[in-house]
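Naming convention: chains lettered A, B, ... in sequence-line order (proteins, then strands); numbering from 1 in each chain. These numbers were taken from a predicted model, which means no experiment stands behind them.
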Amino acid sequence: MRATELLGWYEHARRDLPWRRPGVTPWQILVSEVMLQQTPVARVAPVWTEWVTRWPTPSATAAAGVADVLRAWGRLGYPRRAKRLHECAVIIATRFDDVVPSDVDTLLTLPGVGSYTARAVACFAYRQRVPVVDTNVRRVVTRVVHGVAHAPPSSRDLDEVAALLPDDDTAPRFSAALMELGATVCTARSPRCGDCPLSRCRWRERKYPPATAPRRVQRYAGTDRQVRGLLLDVLRNSSAPVERAALDMVWLTDTAQRDRALHSLLADGLVEQTPDGRFALAGEGEPDQSVTSAPDSVDPDVVEPQANRRR
DNA sequence: CACCCGTGGTG
DNA sequence: TCACCAAGGGT
């Protein structure tokens with residue numbers, strides 16, 4: 001793969017995304033990367049802008065309550081990401097002097113920061129020459145280098161992408177360009193190969209062989225995930241604690257499933273029970289300075305006690 | 001490795 | 001219409 005072709009294309013094709021503008025801090029880039037985990041750019045952009053305006057630094061985020069963080073997260077999905085991001089803020093504020101670590105191995109110790117996010121921060125926020133492998137990069141390399149439409153994640157992906165990186169300081173831009181190509185041209189559904197800047201593509205040379213084993217997507221309708229979403233939506237939209245009966249109304253078809261969903265939200269620390277037995281977003285009523293969260297006991301009459309409450 | 005974790009746009 | 005899919009991570 002010719003780096004010059006990709007970099008030349010990226011120079012004019014790159015989208016003007018808010019987290020790419022000058023002055024954006026490593027923390028704000030970390031926020032964007034977490035929000036972008038499985039959520040499309042178009043939905044992240046407005047939430048990210050509002051978020052970093054309200055909480056520009058880790059310490060500002062840490063000082064907020066989890067409930068406010070979950071509300072600001074809105075409907076981006078997978079709200080555990082929001083809670084882990086808040087945990088990141090607390091850790092960075094208290095242990096790293098409000099500075100996001102630049103070292104990949106240290107980044108990997110942060111909650112909700114995995115292989116992709118750690119390297120994305122090291123690369124895009126700190127300009128390090130480290131491979132960044134997301135679904136876009138994997139798909140582009142799979143097609144261009146191997147001539148295959150799709151490939152499952154492999155432990156060799158990192159080394160392969162590392163070998164493609166330019167030796168100089170253009171490596172971060174190269175990775176950004178690779179991702180951009182996958183996001184806008186070499187897309188999963190209907191790739192726009194006519195707009196591709198690459199002169200050589202093994203997939204094209206092989207006449208675009210289709211994927212052999214279509215990967216089945218996760219079902220959503222009727223799952224615990226849907227029920228959790230409905231329950232959390234009620235709590236996000238209520239400033240006051242909610243009665244159990246109000247939560248029960250969101251899922252009448254399967255009471256056992258509904259109870260299981262509420263149970264798991266409590267276990268995840270996304271929801272808490274007030275002393276009078278009602279329910280609220282975690283951290284409701286401690287809107288400031290809550291560096292140490294203090295989980296309270298669960299009323300056994302209303303919900304079965306948790307075996308593994310975090311302390 | 002398989003499965004779980006939300007939500008909404010789209011071909 | 002309804003699967004598919006979107007800058008993944010944790011267990």
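- A salt bridge is absent between R127(A) and D169(A); no separation between the charged side-chain nitrogens and carboxylate oxygens falls under 4.0 Å.
- Annotation: of the two residues near DNA chain C, P111(A) and L36(A), the 5′-most nearest-nucleotide partner is L36(A).
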Each base of DNA chain B marked ( ) or [ ] if paired in-strand (Watson-Crick or G-U under 3.5 Å), | if paired to another strand and . if unpaired gives .||||.|||||

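- Between D254(A) and R260(A) there is no salt bridge, since none of the side-chain N atoms of the basic residue sits less than 4.0 Å from a carboxylate O of the acidic one.
- Taking atom C1' in both dA7(C) and dG11(B), one finds a spacing of 22 Å when rounded to whole Å.
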Per-nucleotide protein contact string for nucleotides 6-11 of chain B, where B marks a base within reach and S marks sugar-phosphate only (heavy atoms under 4.0 Å, - for neither): BBSB-S

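- Whole-Å rounding puts the K83(A) NZ to dC5(B) C1' distance at 14 Å.
- When atom types are taken as modelled, the side chain of R81(A) and the backbone of Q37(A) share a donor-acceptor pair closer than 3.5 angstrom.
- Distances shown here put a side-chain N or O of R139(A) below 4.0 Å from the OP1 or OP2 atom of dA6(C).
- Rounded to an integer number of Å, the gap from CZ of R138(A) to P of dA6(C) is 11 Å.
- T223(A) comes within 4.0 angstrom of nothing in the nucleic acid, heavy atoms only.
- Contacts of S32(A) with the nucleic acid, taken as non-hydrogen atoms under 4.0 Å apart, are absent.
- A120(A) comes within 4.0 angstrom of nothing in the nucleic acid, heavy atoms only.
- Annotation: side chain of W51(A) is in contact with side chain of V69(A) (closest heavy-atom distance under 4.5 Å).
- Side chains of W251(A) and Q257(A): a donor on one and an acceptor on the other come within 3.5 Å.
- Residue contacts for R15(A): at a heavy-atom cut-off of 4.0 Å it reaches a base atom on one of the strands shown.
- Between D168(A) and R129(A), none of the side-chain N atoms (NZ, or NE/NH1/NH2) sits under 4.0 Å from a carboxylate O, so this pair counts as no salt bridge.
- Just one of C186(A), C193(A), C196(A) meets the side chain to side chain contact (heavy atoms under 4.5 Å, CB included) condition when paired with R143(A); it is C186(A).
- Taking the P atoms as reference points, dT11(C) lies 14 Å from dG6(B), given to the whole Å.
- When rounded to the nearest whole Å, the span between CD of E33(A) and P of dA6(C) equals 16 Å.
- Y10(A) has its OH atom 14 Å from the P atom of dA7(C), to the nearest Å.
- When the P atom of dG10(C) is taken as reference, atom OH of Y116(A) falls 14 Å away, rounded to whole Å.
- Two residues are said to be in side-chain contact when any heavy atoms from C-beta on lie closer than 4.5 Å; L85(A) and W73(A) meet this criterion.
- As judged by a 4.0 angstrom heavy-atom cut-off over every strand, R20(A) is placed among the base-contacting residues.
- Distance, L107(A) CG to dG9(C) C1': 15 Å, rounded to whole Å.
- For R244(A) and D259(A), the salt-bridge test passes: some basic side-chain N is under 4.0 Å from an acidic carboxylate O.
- Within 4.0 Å of V113(A), counting heavy atoms only, lie sugar-phosphate atoms of the nucleic acid but no base atom.
- Atoms CD1 and CG, on I91(A) and L110(A) in that order, are 6.0 Å from each other to the nearest 0.5 Å.
- Rounding to whole angstrom units, CG of residue L108(A) and P of dG9(C) are separated by 9 Å.
- For the pair D157(A) CG and dG8(C) P, the interatomic distance rounds to 13 Å; values are reported in whole Å.
- Heavy atoms of W19(A) sit under 4.0 angstrom from at least one base atom.
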